[in-house]
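Atoms within a ligand are numbered from 1 in the order they appear, just like the ligands themselves. Index from 1, following the sequence. The structure presented is a predicted model; accordingly, all values stated were derived computationally and were not measured.
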Amino acid sequence: MAKREIITLPDPLLRTVSKPVKTVDASTRKLMDDMLETMYDAPGIGLAAVQIGVPQRLVVIDTSKEDEEKQPLFLVNPEIVWSSEEEADYEEGCLSIPEFFDMVTRPKEIKVRYLDREGVEQERLCDGVLATCVQHEIDHLNGILFIDYISKLKRDRVVKKFTKAQKFARSGA
Ligand code: GNR
Ligand code: NI
């Protein structure tokens with residue numbers, strides 16, 4: 001496994017729609033292992049391939065607690081096939097928008113269909129933090145970020161902050 005660099009706002013790749021994976025093979029598994037290592041190192045509870053600069057529909061998630069056994073989930077071409085009417089608020093963050101957090105309202109429960117690490121189709125009912133995380137990651141595959149759900153005023157402020165920071169980093173001023 002190898003740790004990769006996580007891209008951050010305002011990288012335009014974060015706004016691209018990732019391409020479906022045609023076959024789940026050794027190279028797909030290698031890429032997902034790199035994603036998992038990068039996510040654990042960050043640390044984070046989920047990561048989409050586009051966040052390491054690879055616009056393919058691949059997601060890794062692990063919402064297990066520090067004192068629990070690791071529970072990595074590998075999702076290839078994930079699709080939400082059902083979501084509950086009931087909604088839940090959760091304070092979200094994103095490794096591509098470091099140190100910014102805000103409340104987001106999303107369906108409380110979802111059912112996700114995906115191919116697993118071996119390319120076998122699976123369906124899983126998700127609630128709690130897992131439901132939030134799966135929705136957050138599938139949004140990444142569609143070029144959507146959690147700041148798209150907050151007020152325009154707050155969003156513009158955070159985008160501006162990261163755009164400015166990047167200019168300084170480039171100029172070395
Ligand atoms: O590590 C992460 N934590 C998190 C917390 C609340 C809602 C969503 C997330 S996902 C985030 C990692 C990330 O940016 N995945 O794309
Ligand atoms: Ni994210």
Side-chain angles (χ1 to χ4, degrees), residues 1-21 28 31-68 70-80 83-84 86-112 114 117 124-151 154-155 157-159 161-163 165-166:
M1 290 210 275
K3 202 183 111 183
R4 312 270 204 109
E5 195 163 328
I6 297 176
I7 63 169
T8 55
L9 217 62
D11 193 315
L13 249 192
L14 290 170
R15 292 309 191 172
T16 64
V17 177
S18 294
K19 293 251 179 341
V21 174
T28 318
L31 181 57
M32 288 195 288
D33 288 342
D34 286 356
M35 288 164 60
L36 196 69
E37 182 175 343
T38 305
M39 180 191 84
Y40 284 144
D41 181 77
I45 59 170
L47 194 75
V50 69
Q51 293 181 274
I52 57 164
V54 181
Q56 293 186 26
R57 303 187 81 83
L58 291 171
V59 165
V60 296
I61 290 178
D62 191 337
T63 58
S64 64
K65 305 221 175 67
E66 229 179 298
D67 57 346
E68 289 172 355
K70 285 193 165 59
Q71 276 174 35
L73 270 177
F74 301 90
L75 293 82
V76 180
N77 300 336
E79 271 179 85
I80 293 170
S83 32
S84 63
E86 195 183 346
E87 296 183 316
D89 299 333
Y90 203 92
E91 179 163 72
E92 299 201 17
C94 182
L95 294 171
S96 296
I97 314 172
E99 289 161 47
F100 179 77
F101 304 89
D102 209 346
M103 294 301 284
V104 176
T105 306
R106 299 182 187 268
K108 187 172 187 286
E109 286 179 85
I110 57 149
K111 190 192 267 183
V112 62
Y114 60 98
R117 223 186 126 80
R124 192 183 178 107
L125 200 57
C126 308
D127 67 0
V129 61
L130 181 60
T132 293
C133 191
V134 168
Q135 293 175 80
H136 175 116
E137 301 312 335
I138 292 177
D139 274 352
H140 274 302
L141 305 183
N142 295 323
I144 297 166
L145 299 171
F146 85 92
I147 52 170
D148 298 345
Y149 302 108
I150 68 177
S151 77
K154 282 196 203 171
R155 180 170 61 252
R157 203 172 356 162
V158 66
V159 171
K161 189 188 123 178
F162 278 92
T163 305
Q166 198 203 40

- Task: Can you tell me which residues line ligand 1 if we count any heavy atom under 4.0 angstrom from one of its atoms, in chain and number order?
- Result: Gly44, Ile45, Gly46, Gln51, Tyr90, Glu91, Glu92, Gly93, Cys94, Leu95, Thr132, His136, Glu137, His140
Side-chain donor or acceptor of [X] paired with backbone N/O of [Y] under 3.5 Å:
| X | Y | result |
| --- | --- | --- |
| Arg57 | Lys19 | no |
| Glu37 | Ala2 | yes |
| Thr63 | Leu130 | no |
| Thr38 | Lys3 | no |
| Glu68 | Lys65 | yes |

- Say whether Tyr40 and Asp62, considering side chains only, have a donor N or O and an acceptor N or O under 3.5 Å apart. yes
- Message: Assess, by modelled atom type and distance only, whether the side chains of Gln51 and Ser96 contain a donor and an acceptor separated by less than 3.5 Å.
- Response: yes
- Does a sphere of radius 6.0 Å around CD in Glu99 hold more than 12 heavy atoms from other residues, nucleotides or ligands, not counting ones at 6.0 Å or beyond? no
- Please check if atom CZ in Arg124 has more than 12 non-hydrogen atoms from other residues, nucleotides or ligands closer than 6.0 Å.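 No - once you tally the heavy atoms of other residues, nucleotides and ligands closer than 6.0 Å, there are 12 at most.
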- Within-2.8 Å protein N/O/S contacts of the Ni ion (ligand 2):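 Protein N/O/S atoms under 2.8 Å of the Ni ion (ligand 2): Cys94 SG, His136 NE2, His140 NE2.
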